[in-house]
**Student:** 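Following this message is one structure expressed as structure tokens.
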Amino acid sequence: MSGAVVIGAGPGIGQAVARRFARAGMPVALIARTRRTVDEVARALDATGSAPETGTGPGTGAGTETGAGTGAEPGARVAALTADVTDEAALRAALDAAADRFGPPDVVVYNAAIVRPDRVGELSARGHLDAWAVNVVGAHTAAAHVAPAMARRGSGTFLVTSGMPRPVPRYVSLSLGKAGVRALVSLLDQEYGPAGVHVAAITVDGPVAPGTAFDPDAIAEHYWRLHTQPRAEWEHDVLFSGRTDG
């Protein structure tokens, strides 16, 4: 298996998803905006038995480094890479670095988002564009980079973390972004699904926190389930309304 790439690999869902795929024996490439964040997640995965590999390269965006190197250890199963998802060149370079290390990915998870409260008229046009760039355009950039190769080989999974199953007036930019994500998932499925690429969104309808009904490890199981789902049973929008097993 070629492995998994988790974009937006911070604490919470990103780290839990990376840990779930690593636990299945898959090499995992982590992509986050800052070196501190991605290194912390890599160390957490290292505690589960995966040795972190650090990739760095010249920054192509403001304050951004792209993952573009070899690792500290030849047998590393985790690659820690940095890229700002709003910087197309940096994100594509990080995805290339992940593929160079582990081969074309079997699954890519897009988990980056800007989550902040804002009502109608409270956020500037620039602020809305910045949020859209992270919440939607970054996912499009990642999919456009990896999905064609998945389609050519006839298999692959592209998963996007969603939320806000219904618009919420206190979260205008996020509501718009998550509506855009669901539209993007539908478009990607129409474009690449017939060639064997499973595209889906996981809509998390609540605040994520360990030990609660929205425990990130419980949520991560749905990412793994979608990735391993037989084609005849593919789902494209899974709603996680909270774990009910106590």
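We number each residue from 1, following the sequence as shown.
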**Student:** Looking at side-chain heavy atoms only, is the closest gap between Leu123 and Arg116 below 4.5 Å?
**Tutor:** yes
**Student:** Which heavy-atom pair separates Ala139 from Phe158 by the least distance, and what is that distance?
**Tutor:** O-CZ, 3.5 Å
**Student:** I'd like to know if Asp96 pairs up with Arg92 as an ion pair, taking the criterion as any Lys NZ or Arg NE/NH1/NH2 lying under 4.0 Å from an Asp or Glu carboxylate oxygen.
**Tutor:** no
**Student:** Is Arg19 close to Val28 at the side-chain level, that is, under 4.5 Å between some pair of heavy atoms?
**Tutor:** no
**Student:** So do the side chains of Val85 and Ile31 get within less than 4.5 Å of each other, counting heavy atoms only?
**Tutor:** no
**Student:** Hey, are Arg182 and Ser162 close enough side-chain-wise for a donor-acceptor pair under 3.5 Å?
**Tutor:** yes
**Student:** Under a 3.5 Å distance rule, please check whether Asp84 uses its side chain to pair with a backbone N or O of Arg33 as donor and acceptor.
**Tutor:** no
**Student:** State which residue, out of Ser124, Ser173, Ser175, fulfils the side-chain hydrogen bond (donor to acceptor under 3.5 Å, both in side chains) condition with Asp118.
**Tutor:** Ser173
**Student:** Taking atom types as modelled, find out whether Tyr223 and Thr157 have a side-chain donor-acceptor pair closer than 3.5 angstrom.
**Tutor:** no
**Student:** My understanding is that only one of Val107, Val199, Val197 makes a side chain to side chain contact (heavy atoms under 4.5 Å, CB included) with Met150; could you say which?
**Tutor:** Val197
**Student:** Hey, could you give me the OG1/CD distance between Thr34 and Glu40, rounded to the nearest 0.5 Å?
**Tutor:** 7.5 Å
**Student:** Please lay out, stage by stage, how Phe240 and Phe214 fare under the test ring-ring contact (aromatic ring centres under 6.0 Å, His included).
**Tutor:** CA-CA 8 Å; Phe240 185 87; Phe214 292 89; 5.7 Å; yes
**Student:** Measuring from atom CG of Leu226 to atom NE2 of His198, what distance do you get when rounded to the nearest 0.5 angstrom?
**Tutor:** 5.5 Å
**Student:** Taking the side chain as every heavy atom from C-beta outward, state whether Pro169 and Arg119 have any pair of such atoms under 4.5 Å apart.
**Tutor:** yes
**Student:** Between Tyr171 and Trp132, is there a shared hydrophobic cluster once you connect ILVMFWY residues whose side-chain heavy atoms come closer than 4.5 Å?
**Tutor:** no
**Student:** Report yes or no: do Val136 and Val146 belong to one cluster of Ile/Leu/Val/Met/Phe/Trp/Tyr joined by side chain heavy-atom distances under 4.5 Å?
**Tutor:** yes
**Student:** In plain terms, say whether Glu221 and Arg23 are close enough for a salt bridge, that is, a side-chain N and a carboxylate O under 4.0 Å apart.
**Tutor:** yes
**Student:** For Leu81 and Ala29, which heavy atoms make the closest approach, and how far apart are they?
**Tutor:** CD1-CB, 4.4 Å
**Student:** Indicate the atoms forming the closest heavy-atom contact of Pro148 with Ala143, along with that distance.
**Tutor:** CD-O, 3.6 Å
**Student:** Between Thr203 and Asp237, does any side-chain donor sit less than 3.5 Å from a side-chain acceptor?
**Tutor:** yes
**Student:** If you round to the nearest 0.5 Å, how far is CG of Leu184 from NZ of Lys178?
**Tutor:** 11.0 Å
**Student:** Which one of Glu235, Arg20, Glu233 satisfies the side chain to side chain contact (heavy atoms under 4.5 Å, CB included) criterion with Arg225?
**Tutor:** Glu235
**Student:** For the hydrophobic clusters of this structure (ILVMFWY residues joined by side-chain heavy atoms under 4.5 Å, transitively), does one cluster hold both Val160 and Leu174?
**Tutor:** no
**Student:** State, to 0.1 Å, how close Ala22 and Leu45 come at their nearest heavy-atom pair, and which atoms those are.
**Tutor:** CB-CD2, 4.3 Å
**Student:** Begin from the C-alpha positions of Leu159 and Ile202 and carry the test side chain to side chain contact (heavy atoms under 4.5 Å, CB included) through to its verdict.
**Tutor:** CA-CA 7 Å; Leu159 304 175; Ile202 297 84; 4.1 Å; yes
**Student:** Quick check for you: to the nearest 0.5 Å, what is the distance between Thr141 atom OG1 and Glu88 atom CD?
**Tutor:** 5.0 Å
**Student:** Heavy atoms, side chains only, cut-off 4.5 Å: are Asp130 and Val134 in contact?
**Tutor:** no
**Student:** Find out whether Ile219 and Val204 are in side-chain contact, i.e. whether some heavy atom of one side chain is under 4.5 Å from a heavy atom of the other.
**Tutor:** yes
**Student:** Any chance you could measure Arg170, atom CZ, to Met164, atom CE, to the nearest 0.5 Å?
**Tutor:** 8.0 Å
**Student:** Is there a side chain to side chain contact (heavy atoms under 4.5 Å, CB included) between Ile7 and Val109 once you walk through the steps?
**Tutor:** CA-CA 6 Å; Ile7 303 167; Val109 174; over 6 Å; no
**Student:** Flag yes if Val120 and Leu176 sit in one hydrophobic cluster, no otherwise; membership is Ile, Leu, Val, Met, Phe, Trp, Tyr, and two members link when side-chain heavy atoms are under 4.5 Å apart.
**Tutor:** yes
**Student:** Which atom pair, heavy atoms only, marks the closest approach of Gly14 to Val6?
**Tutor:** O-CG1, 3.8 Å
**Student:** Could you tell me whether His140 atom NE2 has more than 12 heavy atoms of other residues or ligands within 6.0 Å of it?
**Tutor:** no
**Student:** Where the side chain of Asp215 meets the backbone of Gly211, is there a donor-acceptor pair that is under 3.5 Å apart?
**Tutor:** yes
**Student:** Treating Ile, Leu, Val, Met, Phe, Trp and Tyr as nodes and any side-chain heavy-atom pair under 4.5 angstrom as an edge, say whether Leu95 and Tyr192 lie in one connected cluster.
**Tutor:** yes
**Student:** Please name the pair of heavy atoms, one in Asp39 and one in Ala80, separated by the smallest distance, quoted to 0.1 Å.
**Tutor:** OD1-CB, 4.1 Å
**Student:** Between the side chain of Arg101 and the main-chain N/O of Pro27, is any donor-acceptor distance below 3.5 Å?
**Tutor:** no
**Student:** Using a strict 4.0 Å threshold on nitrogen-to-oxygen distance, state whether Asp205 and Arg166 make a salt bridge.
**Tutor:** yes
**Student:** How many angstroms lie between atom CG of Asn111 and atom CG of Leu30, to the nearest 0.5 angstrom?
**Tutor:** 11.5 Å
